Amino acid sequence: MVIMPFGGVDTKFPSLTIYTNVIEPLIQRALGKDANYYRIDTKDVQKPIKNEILEGLMRADVVVADISENNPNVMFELGFRIAQEKPFVLITNDSEQIRFWSRTYQINDYSKSAELNRIVKRIQAAYDSSKNQSKTEDELHRLLQRIRGDEEKFANPFQDRIAAWRIERALEQITSIQQKNWGLDAKQPPAYIAFIFEGVMELLERNEEYCTLSNLNFWSQNGVGDSSFLQENVKAVCRGAIIKRVILIDRKSWDSKAERDELLPSLQKHEDAILELKKGLRGKMIVKCLVTDQYEKFLNDDHHHFGMLRHMTGRNKDDGRVLILPRYGRNGAISGLNFIFSGKSRKHNITTEEYLDVFERVFRHRDTLDLREFLQQTKRRKS
(Lines give C-alpha, C1' and ligand atoms only; values in the text may rest on other atoms or scores of the structure.)
Protein backbone atom coordinates (compact mmCIF):
# COMPACT_ATOMS: atom_id res chain seq x y z
CA MET A 1 0.00 0.00 0.00
CA VAL A 2 1.24 3.50 -0.85
CA ILE A 3 0.27 6.47 1.32
CA MET A 4 1.14 9.95 0.06
CA PRO A 5 -0.29 13.46 -0.38
CA PHE A 6 -2.94 13.78 -3.08
CA GLY A 7 -2.79 16.57 -5.64
CA GLY A 8 -3.46 17.35 -9.28
CA VAL A 9 -0.98 17.72 -12.11
CA ASP A 10 -0.85 21.52 -11.78
CA THR A 11 -0.29 21.66 -8.02
CA LYS A 12 2.99 22.07 -6.17
CA PHE A 13 2.92 18.33 -5.49
CA PRO A 14 1.65 16.43 -8.57
CA SER A 15 1.02 13.21 -6.63
CA LEU A 16 -0.45 11.05 -9.40
CA THR A 17 2.52 11.85 -11.65
CA ILE A 18 4.96 10.95 -8.88
CA TYR A 19 3.03 7.77 -8.05
CA THR A 20 2.97 6.64 -11.71
CA ASN A 21 6.43 7.73 -12.83
CA VAL A 22 8.50 7.24 -9.66
CA ILE A 23 6.92 5.04 -6.98
CA GLU A 24 5.34 2.36 -9.19
CA PRO A 25 8.62 1.66 -11.06
CA LEU A 26 10.49 1.40 -7.74
CA ILE A 27 7.97 -1.13 -6.38
CA GLN A 28 8.11 -3.16 -9.60
CA ARG A 29 11.90 -3.21 -9.50
CA ALA A 30 11.77 -4.42 -5.88
CA LEU A 31 8.94 -6.98 -6.08
CA GLY A 32 8.41 -7.69 -9.77
CA LYS A 33 5.99 -6.35 -12.37
CA ASP A 34 3.21 -8.62 -11.08
CA ALA A 35 3.38 -7.18 -7.56
CA ASN A 36 0.02 -6.26 -6.04
CA TYR A 37 0.19 -2.61 -4.92
CA TYR A 38 -2.12 0.39 -4.84
CA ARG A 39 -2.92 3.74 -3.30
CA ILE A 40 -6.45 4.25 -2.05
CA ASP A 41 -7.73 6.49 -4.90
CA THR A 42 -6.72 3.87 -7.48
CA LYS A 43 -8.62 1.06 -5.75
CA ASP A 44 -12.23 -0.04 -6.26
CA VAL A 45 -13.45 0.77 -2.75
CA GLN A 46 -16.34 -1.34 -1.38
CA LYS A 47 -16.43 -0.02 2.20
CA PRO A 48 -16.38 3.46 3.78
CA ILE A 49 -13.08 5.08 2.83
CA LYS A 50 -11.90 5.30 6.45
CA ASN A 51 -12.41 1.55 6.94
CA GLU A 52 -10.63 0.74 3.66
CA ILE A 53 -7.61 2.84 4.65
CA LEU A 54 -7.30 1.40 8.16
CA GLU A 55 -7.78 -2.16 6.93
CA GLY A 56 -5.13 -1.61 4.26
CA LEU A 57 -2.72 -0.21 6.84
CA MET A 58 -3.24 -3.34 8.95
CA ARG A 59 -3.16 -5.93 6.17
CA ALA A 60 -0.53 -4.68 3.71
CA ASP A 61 2.76 -6.59 3.71
CA VAL A 62 4.59 -3.29 3.20
CA VAL A 63 3.50 0.35 3.40
CA VAL A 64 5.47 2.84 1.29
CA ALA A 65 4.91 6.28 2.85
CA ASP A 66 5.75 9.42 0.89
CA ILE A 67 6.07 11.99 3.68
CA SER A 68 6.84 14.93 1.38
CA GLU A 69 5.34 18.20 2.66
CA ASN A 70 4.61 16.61 6.06
CA ASN A 71 1.02 16.01 5.00
CA PRO A 72 -1.10 15.51 8.20
CA ASN A 73 -3.21 12.70 6.70
CA VAL A 74 -0.10 10.78 5.68
CA MET A 75 1.46 11.33 9.12
CA PHE A 76 -1.68 10.01 10.84
CA GLU A 77 -1.75 6.92 8.60
CA LEU A 78 1.97 6.38 9.15
CA GLY A 79 1.48 6.58 12.93
CA PHE A 80 -1.28 3.98 12.68
CA ARG A 81 0.99 1.67 10.69
CA ILE A 82 3.83 2.11 13.20
CA ALA A 83 1.40 1.15 15.97
CA GLN A 84 0.75 -2.15 14.12
CA GLU A 85 4.50 -2.90 14.38
CA LYS A 86 4.59 -3.87 10.71
CA PRO A 87 7.14 -2.98 7.99
CA PHE A 88 7.11 0.40 6.24
CA VAL A 89 9.45 2.40 4.00
CA LEU A 90 9.73 6.20 4.21
CA ILE A 91 10.48 8.26 1.10
CA THR A 92 10.40 11.98 0.26
CA ASN A 93 11.19 14.44 -2.52
CA ASP A 94 12.83 16.94 -0.14
CA SER A 95 14.65 15.54 2.88
CA GLU A 96 15.35 19.04 4.21
CA GLN A 97 11.67 19.62 4.96
CA ILE A 98 11.16 16.51 7.11
CA ARG A 99 10.01 17.21 10.67
CA PHE A 100 12.29 16.25 13.53
CA TRP A 101 10.28 13.24 14.86
CA SER A 102 10.32 11.35 11.58
CA ARG A 103 14.08 11.82 11.25
CA THR A 104 14.40 9.04 13.83
CA TYR A 105 13.57 6.67 10.95
CA GLN A 106 15.55 6.03 7.78
CA ILE A 107 14.22 8.25 4.97
CA ASN A 108 15.30 8.14 1.31
CA ASP A 109 14.94 11.04 -1.11
CA TYR A 110 13.65 9.84 -4.50
CA SER A 111 14.53 13.17 -6.14
CA LYS A 112 18.17 12.07 -5.93
CA SER A 113 19.11 9.38 -8.42
CA ALA A 114 21.73 7.96 -6.06
CA GLU A 115 18.96 7.09 -3.58
CA LEU A 116 16.77 5.07 -5.94
CA ASN A 117 18.64 1.77 -5.59
CA ARG A 118 18.53 2.16 -1.80
CA ILE A 119 14.74 2.57 -1.91
CA VAL A 120 14.42 -0.61 -4.00
CA LYS A 121 16.53 -2.58 -1.50
CA ARG A 122 14.55 -1.21 1.44
CA ILE A 123 11.24 -2.24 -0.14
CA GLN A 124 12.67 -5.72 -0.78
CA ALA A 125 13.91 -5.99 2.82
CA ALA A 126 10.59 -4.75 4.25
CA TYR A 127 8.67 -7.30 2.17
CA ASP A 128 10.94 -10.13 3.30
CA SER A 129 10.51 -9.02 6.91
CA SER A 130 6.74 -9.00 6.50
CA LYS A 131 6.70 -12.55 5.16
CA ASN A 132 8.63 -13.68 8.22
CA GLN A 133 6.00 -12.25 10.57
CA SER A 134 3.46 -14.55 12.13
CA LYS A 135 0.43 -15.14 9.93
CA THR A 136 -1.46 -16.12 13.07
CA GLU A 137 -0.81 -12.70 14.55
CA ASP A 138 -2.04 -11.02 11.38
CA GLU A 139 -5.25 -13.03 11.37
CA LEU A 140 -5.88 -12.28 15.05
CA HIS A 141 -5.36 -8.55 14.47
CA ARG A 142 -7.91 -8.64 11.67
CA LEU A 143 -10.35 -10.60 13.78
CA LEU A 144 -9.91 -8.17 16.67
CA GLN A 145 -10.68 -5.19 14.43
CA ARG A 146 -13.71 -6.98 12.94
CA ILE A 147 -15.10 -7.67 16.39
CA ARG A 148 -14.51 -4.14 17.61
CA GLY A 149 -15.77 -2.54 14.42
CA ASP A 150 -19.03 -4.44 13.90
CA GLU A 151 -21.25 -3.94 16.94
CA GLU A 152 -24.32 -5.18 15.06
CA LYS A 153 -23.04 -8.75 15.30
CA PHE A 154 -23.79 -8.79 19.02
CA ALA A 155 -27.14 -8.72 20.79
CA ASN A 156 -25.48 -7.82 24.08
CA PRO A 157 -23.21 -4.82 24.85
CA PHE A 158 -20.64 -6.98 26.65
CA GLN A 159 -20.11 -9.59 23.94
CA ASP A 160 -17.76 -7.60 21.73
CA ARG A 161 -15.68 -6.47 24.72
CA ILE A 162 -15.29 -10.01 26.07
CA ALA A 163 -14.44 -11.37 22.60
CA ALA A 164 -11.83 -8.63 22.09
CA TRP A 165 -10.37 -9.31 25.54
CA ARG A 166 -9.92 -13.01 24.74
CA ILE A 167 -8.22 -12.24 21.42
CA GLU A 168 -5.88 -9.73 23.06
CA ARG A 169 -4.78 -12.41 25.53
CA ALA A 170 -3.97 -14.70 22.57
CA LEU A 171 -1.99 -11.89 20.93
CA GLU A 172 0.06 -11.47 24.10
CA GLN A 173 0.99 -15.15 24.00
CA ILE A 174 1.94 -14.94 20.32
CA THR A 175 4.10 -11.87 20.97
CA SER A 176 5.82 -13.77 23.76
CA ILE A 177 6.58 -16.66 21.37
CA GLN A 178 7.93 -14.25 18.74
CA GLN A 179 10.34 -12.99 21.40
CA LYS A 180 11.49 -16.61 21.78
CA ASN A 181 9.83 -17.04 25.17
CA TRP A 182 8.36 -20.52 24.81
CA GLY A 183 7.54 -21.00 28.49
CA LEU A 184 3.94 -21.15 29.69
CA ASP A 185 2.98 -20.47 33.28
CA ALA A 186 0.34 -22.94 34.43
CA LYS A 187 -2.21 -21.73 36.96
CA GLN A 188 -4.13 -23.73 39.51
CA PRO A 189 -7.89 -23.63 38.78
CA PRO A 190 -8.68 -20.98 41.45
CA ALA A 191 -5.83 -18.76 40.24
CA TYR A 192 -7.00 -19.11 36.64
CA ILE A 193 -10.58 -18.22 37.59
CA ALA A 194 -9.27 -15.14 39.41
CA PHE A 195 -7.29 -14.21 36.27
CA ILE A 196 -10.45 -14.44 34.14
CA PHE A 197 -12.45 -12.35 36.59
CA GLU A 198 -9.67 -9.74 36.59
CA GLY A 199 -10.24 -9.42 32.84
CA VAL A 200 -13.98 -9.11 33.37
CA MET A 201 -13.40 -6.25 35.82
CA GLU A 202 -11.31 -4.46 33.18
CA LEU A 203 -14.35 -4.43 30.88
CA LEU A 204 -16.62 -2.56 33.26
CA GLU A 205 -17.42 1.04 32.33
CA ARG A 206 -19.18 3.91 34.04
CA ASN A 207 -22.69 3.10 35.38
CA GLU A 208 -22.31 -0.61 34.62
CA GLU A 209 -22.95 -3.04 37.43
CA TYR A 210 -21.41 -6.30 38.59
CA CYS A 211 -23.46 -8.45 40.99
CA THR A 212 -21.78 -11.50 42.45
CA LEU A 213 -22.72 -14.22 44.90
CA SER A 214 -19.71 -16.17 46.16
CA ASN A 215 -18.61 -18.18 49.15
CA LEU A 216 -15.89 -17.16 51.56
CA ASN A 217 -13.92 -20.36 50.96
CA PHE A 218 -13.45 -19.23 47.36
CA TRP A 219 -11.83 -15.98 48.51
CA SER A 220 -9.60 -17.79 50.98
CA GLN A 221 -8.02 -20.09 48.40
CA ASN A 222 -4.44 -19.60 47.25
CA GLY A 223 -4.49 -18.00 43.83
CA VAL A 224 -7.61 -15.96 44.57
CA GLY A 225 -6.86 -14.14 47.80
CA ASP A 226 -3.33 -13.29 46.67
CA SER A 227 -4.37 -12.28 43.13
CA SER A 228 -5.07 -8.74 41.92
CA PHE A 229 -8.77 -9.53 41.40
CA LEU A 230 -9.92 -7.39 44.32
CA GLN A 231 -7.69 -4.53 43.21
CA GLU A 232 -9.28 -4.69 39.75
CA ASN A 233 -12.63 -4.32 41.54
CA VAL A 234 -11.33 -1.09 43.06
CA LYS A 235 -10.16 0.21 39.67
CA ALA A 236 -13.55 -0.55 38.12
CA VAL A 237 -15.32 1.41 40.87
CA CYS A 238 -12.92 4.31 40.36
CA ARG A 239 -14.04 4.34 36.70
CA GLY A 240 -17.64 4.66 37.85
CA ALA A 241 -18.81 1.03 37.94
CA ILE A 242 -21.06 -0.39 40.66
CA ILE A 243 -20.08 -3.64 42.37
CA LYS A 244 -22.47 -5.51 44.64
CA ARG A 245 -21.15 -8.63 46.34
CA VAL A 246 -22.70 -11.07 48.80
CA ILE A 247 -20.30 -13.50 50.44
CA LEU A 248 -21.96 -16.67 51.74
CA ILE A 249 -20.30 -18.13 54.84
CA ASP A 250 -20.81 -21.69 56.01
CA ARG A 251 -22.11 -21.61 59.57
CA LYS A 252 -20.14 -24.69 60.62
CA SER A 253 -16.87 -23.10 59.49
CA TRP A 254 -17.74 -19.80 61.13
CA ASP A 255 -18.55 -21.47 64.45
CA SER A 256 -15.09 -23.02 64.51
CA LYS A 257 -12.60 -20.48 65.88
CA ALA A 258 -9.69 -21.99 63.98
CA GLU A 259 -11.52 -21.89 60.65
CA ARG A 260 -12.97 -18.46 61.37
CA ASP A 261 -9.49 -17.06 61.99
CA GLU A 262 -8.42 -18.41 58.59
CA LEU A 263 -11.38 -16.82 56.82
CA LEU A 264 -11.33 -13.38 58.47
CA PRO A 265 -8.34 -11.96 56.52
CA SER A 266 -10.30 -12.30 53.26
CA LEU A 267 -13.11 -10.19 54.68
CA GLN A 268 -10.65 -7.66 56.02
CA LYS A 269 -9.18 -7.26 52.53
CA HIS A 270 -12.63 -6.33 51.26
CA GLU A 271 -13.04 -3.83 54.07
CA ASP A 272 -9.64 -2.31 53.23
CA ALA A 273 -10.69 -2.03 49.57
CA ILE A 274 -13.90 -0.21 50.53
CA LEU A 275 -11.95 2.20 52.75
CA GLU A 276 -9.54 2.85 49.89
CA LEU A 277 -12.51 3.80 47.70
CA LYS A 278 -13.60 6.57 50.04
CA LYS A 279 -11.06 8.78 48.26
CA GLY A 280 -12.35 10.22 44.98
CA LEU A 281 -15.23 7.76 44.65
CA ARG A 282 -17.05 7.69 41.28
CA GLY A 283 -18.90 4.39 41.49
CA LYS A 284 -19.55 2.28 44.55
CA MET A 285 -18.76 -1.08 46.09
CA ILE A 286 -21.21 -2.77 48.45
CA VAL A 287 -20.12 -5.99 50.18
CA LYS A 288 -22.49 -7.98 52.39
CA CYS A 289 -22.14 -11.23 54.31
CA LEU A 290 -24.60 -14.02 55.07
CA VAL A 291 -23.83 -16.84 57.48
CA THR A 292 -26.02 -19.81 56.60
CA ASP A 293 -26.29 -23.57 56.71
CA GLN A 294 -28.93 -23.53 53.95
CA TYR A 295 -27.04 -22.83 50.73
CA GLU A 296 -29.60 -24.76 48.75
CA LYS A 297 -32.18 -22.16 49.80
CA PHE A 298 -30.37 -19.66 47.62
CA LEU A 299 -28.76 -21.75 44.87
CA ASN A 300 -29.50 -24.99 43.06
CA ASP A 301 -25.96 -26.40 43.20
CA ASP A 302 -23.40 -27.03 45.90
CA HIS A 303 -20.80 -24.50 44.87
CA HIS A 304 -22.48 -21.15 45.44
CA HIS A 305 -20.70 -18.80 43.12
CA PHE A 306 -21.76 -16.72 40.14
CA GLY A 307 -21.21 -13.25 38.73
CA MET A 308 -23.39 -11.07 36.56
CA LEU A 309 -22.49 -8.00 34.52
CA ARG A 310 -25.32 -5.55 33.90
CA HIS A 311 -25.34 -2.76 31.32
CA MET A 312 -27.41 0.01 32.92
CA THR A 313 -29.28 2.42 30.63
CA GLY A 314 -31.32 4.22 33.27
CA ARG A 315 -32.28 4.11 36.89
CA ASN A 316 -32.67 0.43 37.86
CA LYS A 317 -32.96 -0.53 34.19
CA ASP A 318 -30.55 -2.82 32.35
CA ASP A 319 -30.60 -3.72 28.66
CA GLY A 320 -27.91 -6.38 28.66
CA ARG A 321 -26.50 -8.97 31.04
CA VAL A 322 -23.84 -11.64 31.02
CA LEU A 323 -24.04 -14.41 33.59
CA ILE A 324 -20.73 -16.08 34.54
CA LEU A 325 -21.10 -19.57 36.01
CA PRO A 326 -18.22 -21.82 37.13
CA ARG A 327 -18.07 -25.38 35.80
CA TYR A 328 -16.95 -28.06 38.22
CA GLY A 329 -15.06 -31.29 37.72
CA ARG A 330 -15.79 -34.60 39.46
CA ASN A 331 -13.50 -33.68 42.34
CA GLY A 332 -15.50 -30.51 43.01
CA ALA A 333 -12.78 -28.16 41.77
CA ILE A 334 -13.61 -25.40 39.30
CA SER A 335 -12.71 -26.57 35.79
CA GLY A 336 -13.92 -23.63 33.72
CA LEU A 337 -16.46 -20.84 33.25
CA ASN A 338 -19.66 -20.57 31.22
CA PHE A 339 -20.76 -17.19 29.86
CA ILE A 340 -24.51 -16.78 29.24
CA PHE A 341 -25.57 -13.57 27.46
CA SER A 342 -29.04 -12.09 27.59
CA GLY A 343 -30.32 -10.86 24.25
CA LYS A 344 -32.46 -12.29 21.50
CA SER A 345 -32.62 -15.78 23.03
CA ARG A 346 -35.62 -16.16 25.34
CA LYS A 347 -33.90 -19.03 27.14
CA HIS A 348 -30.86 -16.87 27.91
CA ASN A 349 -33.05 -14.00 29.10
CA ILE A 350 -34.95 -16.31 31.45
CA THR A 351 -31.71 -17.79 32.82
CA THR A 352 -30.11 -14.43 33.57
CA GLU A 353 -33.38 -13.16 35.08
CA GLU A 354 -33.54 -16.14 37.44
CA TYR A 355 -30.02 -15.59 38.70
CA LEU A 356 -30.60 -11.86 39.09
CA ASP A 357 -33.65 -12.67 41.22
CA VAL A 358 -31.54 -15.04 43.35
CA PHE A 359 -28.95 -12.32 43.89
CA GLU A 360 -31.55 -9.70 44.84
CA ARG A 361 -33.20 -12.07 47.33
CA VAL A 362 -29.91 -12.83 49.05
CA PHE A 363 -28.72 -9.22 48.87
CA ARG A 364 -31.90 -8.04 50.63
CA HIS A 365 -32.27 -11.03 52.95
CA ARG A 366 -32.99 -9.97 56.55
CA ASP A 367 -29.94 -11.89 57.82
CA THR A 368 -27.58 -10.42 55.23
CA LEU A 369 -25.37 -7.83 56.93
CA ASP A 370 -23.24 -5.04 55.55
CA LEU A 371 -19.56 -6.04 55.73
CA ARG A 372 -18.65 -3.37 58.27
CA GLU A 373 -21.51 -4.29 60.59
CA PHE A 374 -20.67 -7.98 60.18
CA LEU A 375 -17.01 -7.43 61.14
CA GLN A 376 -18.00 -5.33 64.13
CA GLN A 377 -20.30 -8.10 65.35
CA THR A 378 -17.51 -10.63 64.86
CA LYS A 379 -15.05 -8.53 66.89
CA ARG A 380 -17.58 -8.11 69.70
CA ARG A 381 -18.15 -11.86 69.65
CA LYS A 382 -14.39 -12.55 69.87
CA SER A 383 -13.94 -10.13 72.76
Side-chain angles (χ1 to χ4, degrees), residues 147 151-166 193-194 196-216 218-219 229 232-233 236-237 239-249 283-290 292 294-328 334-371:
I147 286 172
E151 296 177 359
E152 294 182 358
K153 288 187 177 180
F154 299 100
N156 182 290
F158 292 111
Q159 283 176 290
D160 62 329
R161 279 186 257 164
I162 291 175
W165 179 82
R166 292 185 68 177
I193 298 304
I196 298 297
F197 279 121
E198 286 171 21
V200 169
M201 290 296 102
E202 293 172 10
L203 304 178
L204 281 170
E205 298 177 354
R206 186 176 179 82
N207 294 328
E208 291 181 336
E209 189 175 85
Y210 179 68
C211 302
T212 174
L213 191 59
S214 60
N215 59 74
L216 189 52
F218 170 80
W219 284 96
F229 177 29
E232 290 299 333
N233 281 240
V237 173
R239 292 194 299 272
I242 300 164
I243 294 177
K244 297 178 180 178
R245 173 171 286 115
V246 177
I247 299 176
L248 296 176
I249 303 170
K284 61 183 176 181
M285 182 189 290
I286 303 170
V287 179
K288 295 187 176 184
C289 299
L290 176 60
T292 179
Q294 295 181 312
Y295 280 142
E296 63 277 2
K297 180 178 179 181
F298 306 111
L299 294 170
N300 293 325
D301 58 43
D302 296 324
H303 304 291
H304 336 297
H305 190 106
F306 68 84
M308 179 177 287
L309 297 165
R310 301 174 70 192
H311 184 75
M312 311 298 288
T313 54
R315 186 172 179 81
N316 298 324
K317 180 182 178 184
D318 58 300
D319 66 351
R321 308 184 196 105
V322 52
L323 174 65
I324 307 169
L325 294 173
R327 292 196 306 269
Y328 296 88
I334 296 175
S335 60
L337 293 173
N338 286 332
F339 287 70
I340 301 175
F341 297 92
S342 67
K344 297 176 182 178
S345 166
R346 182 170 176 270
K347 177 176 180 288
H348 288 179
N349 283 333
I350 291 172
T351 302
T352 58
E353 192 70 41
E354 287 174 348
Y355 274 85
L356 187 57
D357 287 344
V358 167
F359 175 81
E360 291 296 340
R361 286 202 307 273
V362 181
F363 190 74
R364 303 182 192 285
H365 192 277
R366 60 183 176 82
D367 293 326
T368 302
L369 297 178
D370 179 80
L371 174 61

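In this chain, residues are counted from 1 in sequence order. No experiment lies behind these values; they were computed from the predicted model shown.
For the pair Trp219 and Ser214, the tightest heavy-atom approach, listed with the atom from each and the gap, is NE1-OG, 3.0 Å. Heavy-atom minimum distance, Arg310 versus Cys211: CD-SG, 4.0 Å. Considering every non-hydrogen atom in both Cys289 and Ile249, the closest pair reads CB-CD1, 4.1 Å. Lys288 and Thr368 get closest at one heavy-atom pair: CB-CG2, 3.5 Å. Closest non-hydrogen pair, Pro157 versus Gly320, comes out as CD-CA, 4.0 Å. Nearest heavy-atom pair, Asn338 versus Arg327, reported as atom, atom and distance to 0.1 Å: OD1-NH1, 2.7 Å.
For the side-chain hydrogen bond (donor to acceptor under 3.5 Å, both in side chains) criterion with Arg321, the lone passing option out of His348, Glu209, Glu353 is Glu353. Evaluated for a side-chain contact (heavy atoms from CB on, under 4.5 Å) with Leu213, the options Leu290, Ile247, Val358 yield exactly one hit, Val358.
Put simply, CD1 on Ile196 and CD1 on Ile162 are 10.5 Å apart, with the number rounded to the nearest 0.5 Å. Taken from OG1 in Thr352 to CG in Leu309, the straight-line distance is 11.5 Å, to the nearest 0.5 Å. Atom CD1 of Ile193 and atom CG of Leu337 lie 3.5 Å apart (nearest 0.5 Å). Separating the CE atom in Met308 from the OG atom in Ser342 is a distance of 8.0 Å, to the nearest 0.5 Å. Between atom CD1 of residue Ile243 and atom CE of residue Met201 there is a gap of 5.0 Å, rounded to the nearest 0.5 Å. Considering CD1 of Ile242 and CE of Met285, their distance stands at 12.0 Å, rounded to 0.5 Å.
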query = Can you check side-chain contact (heavy atoms from CB on, under 4.5 Å) on Val362 and Leu248, steps first, answer last?
reply = CA-CA 9 Å; Val362 181; Leu248 296 176; 4.1 Å; yes

request  = Apply side-chain contact (heavy atoms from CB on, under 4.5 Å) to the pair Ile340 and Leu325, showing each step before the final yes or no.
outcome  = CA-CA 8 Å; Ile340 301 175; Leu325 294 173; 3.9 Å; yes

message = Pair Tyr210, Arg245 - check side-chain contact (heavy atoms from CB on, under 4.5 Å), show working.
response = CA-CA 8 Å; Tyr210 179 68; Arg245 173 171 286 115; 3.9 Å; yes

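Applying the salt bridge (Lys or Arg N to Asp or Glu O under 4.0 Å) rule to Arg364 yields the partners Glu360; only residues at least two apart in sequence or on another chain are considered.
Ring pair Phe197/His305 is tilted by interplanar angle, where 30° to 60° counts as tilted.
Identified under the salt bridge (Lys or Arg N to Asp or Glu O under 4.0 Å) test for residues 199-208, with sequence neighbours left out: Arg161-Glu205, Arg161-Glu208.
Cation-pi contact between Lys244 and Phe359: absent, since separation from the ring centre below 6.0 Å together with deviation from the ring axis within 45° is not met.
Listed for the Asn349 side chain is a donor-acceptor partner under 3.5 Å among the backbone atoms of Gly343.
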